[in-house]
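Structure first, commentary second.
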2 protein chains.
Amino acid sequence: MSIISDSAPLSDLSVVKSVSLTSALEKELERLILTGELEPGVRINEIHLSNRFGTSRGPIREATRSLEAKGLVEVVRNRGVFVRRLSVEDAVEIYDVRAALFGQAGRLLAERMTDGLLAELTRMVDEMDAVAERGSFDEYYPLNLGFHNLIVSSCGNRTLLAEYHRFVNKLHLFRARALVQGGGLAVSNREHRAMLEALASGDGDRAQMTHWRHVALAKRRLIAAVDGHARND
Amino acid sequence: MSIISDSAPLSDLSVVKSVSLTSALEKELERLILTGELEPGVRINEIHLSNRFGTSRGPIREATRSLEAKGLVEVVRNRGVFVRRLSVEDAVEIYDVRAALFGQAGRLLAERMTDGLLAELTRMVDEMDAVAERGSFDEYYPLNLGFHNLIVSSCGNRTLLAEYHRFVNKLHLFRARALVQGGGLAVSNREHRAMLEALASGDGDRAQMTHWRHVALAKRRLIAAVDGHARND
DNA sequence: GTAATGAAAACTGTCAACAGATAGGCGCCA
DNA sequence: TGGCGCCTATCTGTTGACAGTTTTCATTAC
């Protein structure tokens, strides 16, 4: 259950012998993939990596097998491992799964809501409104990410949290990822307010619905953006 | 994206060189774990396994790292890999995730329902009713499994399908698994009928709700069974 | 100029061996 | 007799090497 979101600056792997070389390598490879330093589609050369990290190929192979199970890379026999490339269809499928998980998180959170958390979430949405008015996407994006993370982190289900993060991370493998990020800052934040109200009411059904719909609408925006982009090609 | 459900009788690993030794070992280990031949909590000895399968330890280590990422085993540094043991809390968390995924599958299926599929699903529910009346759990269980699988398999989202199977499989690691299987055959099948009606109506919201609730109620039955069992101890 | 061919280079799959860590048993001592 | 520490057996972590496959590239024929 590795929740991969903090890309801690542990580039020097030599220090972390305490947590096994394989898992350190796995984290580092995951970081390289998610930051885009290893682009979707490229092959991962075991020998190059073993030279780069000063290890033998064994631990690297173990790490890549782990990443394969997580869906970040693809292993082709006798040809090597490739950073997974997500098609539009893959991305759309992931949005459905993410919507389901996020809706469930909303439901669970509504049933265990605290005043402090509600205040914090409200503050975040207010801040996003301010930023959205300026149209500053660079500021909006991390706030938005933090808002969603706080909801899922606070829902009380660690399994759900891990899965949610896994799929959000996986979306980084979608080449046209930039498409979905733009557009509709204010619109998106209106949906956030609806979620807030549902959470405050303590109504699980309603919270699940608003949270589900938020991701479903994001999916619709993605599809529209992809279609528009394709038409412009 | 390995959908693991068919435990094909490929006990002889020597034949399947075409799909790589590691993945064949992984499938076999997964089978041993899910069937309970390797019980939750036991340690997996690399040397014994390599002798048993006639390979070296390398491929076995790769296979176990993959299983670790899937959540079936736990790796402790310098001590080995252990078949994962699920607590009641873990099982309950998984039910929440499963409910979310199954609800989403219901929604997707409602929006792409065909007459043929509806007829097949109806036939299955009728058969379950007949079996439930006889109180034959051994006959009910596989029918029930097939009913759920058909719904998720037909929803058109392969990512969702793979995830759903992963979590259903994971529940095999729950030691008190027998607790949830018993009780409420007729009750459960009444919920199936509600799901059928929602699917037939083509109403996505309603289908999601009925499918979600079906798993949520199963979760509640599990909790009740566990509580009752604990009180009897 | 292009396509087919064959050899060599590069890379992955697998294995066997060594180094370090852990666990269990034995003897020593209070 | 019970507890402590040492020692050995067992097992995992990692490495380097060999075998087989894929890819690359130069050569040759058309």
Side-chain angles (χ1 to χ4, degrees), chain A residues 2 10-30 32-33 38-39 41-70 72-85, chain B residues 2 10-30 32-33 38-39 41-70 72-85:
Chain A
S2 71
L10 39 93
S11 292
D12 70 316
L13 299 165
S14 53
V15 191
V16 252
K17 283 281 180 177
S18 57
V19 269
S20 104
L21 192 47
T22 297
S23 73
L25 280 170
E26 185 187 335
K27 280 210 182 68
E28 180 64 8
L29 281 178
E30 189 163 323
L32 291 176
I33 292 174
L38 287 173
E39 288 181 12
V42 305
R43 194 176 110 249
I44 293 179
N45 187 313
E46 294 179 359
I47 296 180
H48 289 173
L49 278 183
S50 60
N51 288 339
R52 176 169 175 179
F53 294 125
T55 72
S56 67
R57 285 170 48 217
I60 291 194
R61 285 179 65 89
E62 291 179 21
T64 54
R65 289 315 182 280
S66 193
L67 292 178
E68 183 196 19
K70 289 183 181 173
L72 292 182
V73 302
E74 213 161 346
V75 177
V76 183
R77 182 178 160 83
N78 283 326
R79 293 202 43 215
V81 318
F82 299 80
V83 178
R84 186 121 182 244
R85 191 201 306 262
Chain B
S2 70
L10 39 93
S11 292
D12 70 313
L13 299 165
S14 53
V15 191
V16 253
K17 283 282 180 179
S18 56
V19 270
S20 103
L21 193 46
T22 297
S23 74
L25 279 171
E26 185 187 334
K27 279 209 182 69
E28 179 64 8
L29 280 179
E30 189 163 322
L32 291 176
I33 292 174
L38 287 173
E39 288 180 13
V42 305
R43 196 178 107 248
I44 292 179
N45 187 314
E46 295 179 358
I47 297 180
H48 288 173
L49 279 182
S50 59
N51 288 339
R52 175 169 174 179
F53 295 126
T55 71
S56 69
R57 285 170 48 219
I60 291 194
R61 284 179 65 87
E62 291 179 21
T64 54
R65 289 314 181 279
S66 193
L67 292 177
E68 183 196 19
K70 289 183 182 173
L72 291 182
V73 302
E74 213 160 347
V75 176
V76 183
R77 181 178 162 84
N78 285 325
R79 293 202 43 215
V81 319
F82 301 81
V83 178
R84 185 122 182 243
R85 192 202 307 261

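Throughout, a chain's letter reflects where its sequence line sits, starting with A, and its residues are numbered from 1.
Here A/E74 pairs with A/R84 under the side chain to side chain contact (heavy atoms under 4.5 Å, CB included) rule; sequence neighbours left out. Qualifying side chain to side chain donor-acceptor pair (under 3.5 Å) partners for A/S66, counting only residues two or more places apart in sequence or in other chains: A/E26. Contacts of A/R61 classified as salt bridge (charged side-chain N to carboxylate O under 4.0 Å, His left out), with partners at least two apart in sequence or in another chain: A/E46, B/E62. Applying the side chain to side chain contact (heavy atoms under 4.5 Å, CB included) test to A/N45 and every residue at least two apart in sequence or in another chain returns A/R43, A/I47, A/H48.
Rounded to whole Å, the distance from CD1 on A/I60 to P on C/dG13 is 13 Å. Atom CZ of A/R61 is separated from atom P of D/dG16 by 16 Å (rounded to the nearest Å). If you take CD of B/E46 and P of C/dT14, they are 16 Å apart, rounded to a whole angstrom. At whole-Å resolution of the value, CD in B/E62 and C1' in D/dG13 are 14 Å apart. The distance between atom CG of B/N51 and atom C1' of C/dC15, rounded to the nearest whole Å, is 13 Å. Summarising the geometry, the separation between CD on B/E26 and C1' on C/dG13 is reported as 16 Å, rounded to the nearest angstrom.
Note that NZ of B/K70 is 10.0 Å distant from CD1 of B/I33, once rounded to the nearest 0.5 Å.
Within the 4.0 angstrom heavy-atom criterion, no nucleotide atom of any strand lies near B/G58.
Taking only side-chain nitrogens and oxygens, A/N45 never comes nearer than 4.0 Å to OP1 or OP2 of C/dA10. Phosphate contact (OP1/OP2 of C/dG13, side-chain N/O of A/R65, threshold under 4.0 Å): present. A/R79 has no side-chain polar atom (N or O) that falls below the 4.0 Å cut-off from OP1 or OP2 of C/dC11.
Listed nucleotides: C/dT12, D/dT15, D/dT12. Nearest to the side chain of A/S56: D/dT15.
Partner of A/P59 under the side chain to side chain contact (heavy atoms under 4.5 Å, CB included) criterion, out of A/L25, A/L49, A/T64: A/L25 alone.
Of all heavy-atom pairs spanning A/V73 and A/V83, the tightest one is CG1-CA, 4.2 Å.
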I'd like a table of atom pairs between the protein and nucleotides 19-21 of chain D - only N or O on both sides, under 3.5 Å - with the distance next to each one.
none

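With hydrogens and angles ignored, a donor-acceptor pair under 3.5 angstrom links the side chain of A/R57 to the base of C/dG13.
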